[in-house]
Amino acid sequence: MKRLRALGPALVLLAAARPAAPQSSNPPSVTVIRAGTLIDGKSASPRRDQSIVIRGNRIESVGDTATVAVPASAKVIDLSRATVLPGLIDTHTHIFLQGEDPAEGGYDVQLLKQGLAFRAARATASARRALEQGFTTIRDVETEGAGYGDVGIKQAIEGGYIPGPRMFVVTRAISTTGGYPLEDYAPEIDVPKGAQIVDGPVEARKAAREQLDHGADWIKIYVTHRSWVDKQGNLVSQPTFTLEEIRAIVDEAHGWGRKVACHAYNGVGLHRGLDGGCDSIEHGLELDDASIAQMVRQGTWLVPTMSVYYDHWAPEDTPEGKRDRKRAAVHGPSLQKAVKAGVKIAFGTDAGGFSWKEPIAREFARLVEFGMTPMAAIQAATSRAAEMLGMSGEIGAVSPGAYADLIAVSGDPLQSVQVLESVGFVMKDGRVYRGD
Ligand SMILES: [Zn+2]
């Protein structure tokens, strides 16, 4: 049993990391979870007094506790005073970012001074932190200069060497010259970039091929970069790729059966991203009516990452401070319009963009504040996120055949989504990682 120094004493991982057990001929163990209330990730309303029968790493059946047959050998976990939900899914994380404090060198210092082993060690702690908070799956959308480190962390989790969520990884991400930090160094100095930089459709396609070849589950591109407030008080964001470049990347990824996540704020870059066939819009700070209609038509996902834009603003009287306030001011109404229009929404937070010590689930309250019902917000982090990841029925649902990824909270998240910030029980793949 090990403890993470940064975490409170209550956060104890129950299962020590160890390599996956060799295949044995023993029948898989059976566990029954008694749930006082079950929110299954798909149904419109919760159900009381349910029992979940788990065989090995999969859910075998779900039914009324009064009638369900419990095998004699089953281990029973009593959560009859708690609300049980599917393991949560955060579709926008950065385990290789640590909410860098500008006072400590900010973003740049990690690319310039921190070796990859150090960064991988911290990413390992971040992955574990996500799992402890009940996030049993993440889509990690860029290593920020740490190359293919996310593929390695994912392999270590899958091999049972370290605890962590199921991971979908994008590896290096792609942007254009002038489209990603590190920036503002003397032009004579070659500095590393946080993303793979390409120009022209040939380089764009080649980068996508390289990343897919080295294990990217998704491709992540930046279709907007810098943003500022113009003289009229509007938020403006700099477009990066040409439509031709975006099409080359999307075409390549789709050919591999993979999808493309597009960081996009607003304006020209956002429209090019949608015209180019982006599968998810990340952030989408200011979706105009035309882009919302296009997203509905094309079935494009929105991963709004609200809360990160509402905290940590620069001082009010600086250009950055004005920009930060403007971003937040347009973001809420934009999400409200998207929700109303029926845009498909998946839960994502940008964790790593803020410290992993802060609760990931803080995002739920923002989603509810801007027009989602608590149940819709929960589904965005369960069955809807699973749908976006092509994992419907496997994760994000408490139903027969799904992986046994389950969490529990005390209290009713439909009354107060904030209770999701205090997850007390975490099971992933049939194994208990937390049981306060
Ligand atoms: Zn991000």
Side-chain angles (χ1 to χ4, degrees), residues 89-100 102 106-108 110-111 119 122-123 126-127 129-130 135 137-147 149-150 153 165 167-175 179-183 193-197 211 216-227 237-238 240-241 259-266 269-270 273 278-286 301-312 323-324 327-328 331 334-335 345-356 358 360-363 366-367 380-381 385 388-389:
I89 303 169
D90 187 341
T91 69
H92 191 123
T93 64
H94 300 276
I95 59 169
F96 279 87
L97 283 181
Q98 311 300 336
E100 278 70 20
Y107 181 88
D108 294 23
Q110 60 185 335
L111 273 75
R119 293 193 65 195
R122 294 198 72 188
S126 303
R129 181 87 180 102
F135 287 82
T137 300
I138 59 174
R139 185 184 59 160
D140 200 69
V141 285
E142 181 182 6
T143 61
E144 313 286 353
D150 51 358
I153 300 287
M167 283 184 71
F168 291 80
V169 299
V170 313
T171 75
R172 301 178 62 192
I174 312 173
S175 194
Y180 212 75
L182 306 183
E183 293 169 330
K193 296 288 183 182
Q196 188 167 4
I197 299 298
Q211 295 184 5
D217 300 306
W218 277 65
I219 294 292
K220 160 86 177 287
I221 66 173
Y222 285 81
V223 298
T224 65
H225 177 43
R226 291 172 179 82
S227 63
S237 62
Q238 164 215 349
T240 55
F241 292 105
K259 292 177 183 166
V260 181
C262 298
H263 167 114
Y265 280 1
N266 65 1
L270 168 67
C278 285
D279 297 290
S280 71
I281 296 296
E282 307 297 310
H283 317 300
L285 297 193
E286 193 173 26
W301 290 88
L302 172 64
V303 181
T305 69
M306 300 301 290
S307 50
V308 72
Y309 288 94
Y310 285 80
D311 302 306
H312 315 301
R323 176 203 64 192
D324 292 348
R327 283 173 175 177
H331 203 176
S334 173
L335 176 61
I345 291 162
F347 181 99
T349 63
D350 230 348
F354 55 89
S355 168
W356 284 95
E358 294 173 34
I360 301 172
R362 211 178 44 182
E363 179 75 6
R366 292 288 180 192
L367 296 178
M388 185 178 86
L389 296 172

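One-based numbering, in listed order, for ligands and for the atoms of each.
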Visitor: Flag the pair Tyr265 / His225 as yes when their ring centroid distance falls below 6.0 Å, and as no otherwise.
Guide: no
Visitor: Identify whether NZ of Lys or CZ of Arg in Arg366 sits under 6.0 Å from the centre of the six-membered ring of Tyr310 and within 45° of that ring's axis.
Guide: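 Satisfied, under 6.0 Å and within 45°.
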Visitor: Can you confirm whether Gln211 sits close enough to Ile174 that some side-chain heavy atom of one is under 4.5 Å from a side-chain heavy atom of the other?
Guide: yes
Visitor: Are Glu282 and Ser280 close enough that a side-chain donor and a side-chain acceptor fall under 3.5 Å?
Guide: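 Yes - a donor-acceptor pair under 3.5 Å links their side chains.
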Visitor: Is the shortest heavy-atom distance from the side chain of Phe347 to the side chain of Asp90 under 4.5 Å?
Guide: yes
Visitor: Counting no waters, how many protein N/O/S atoms sit under 2.8 Å from the Zn ion (ligand 1)?
Guide: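 Counting protein N, O and S atoms closer than 2.8 Å to the Zn ion (ligand 1) gives 3.
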Visitor: Classify the side-chain pair Thr93/Arg139 by whether it contains a donor and acceptor separated by less than 3.5 Å.
Guide: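 No, because no side-chain N or O of Thr93 sits under 3.5 Å from a partner of the opposite role on Arg139.
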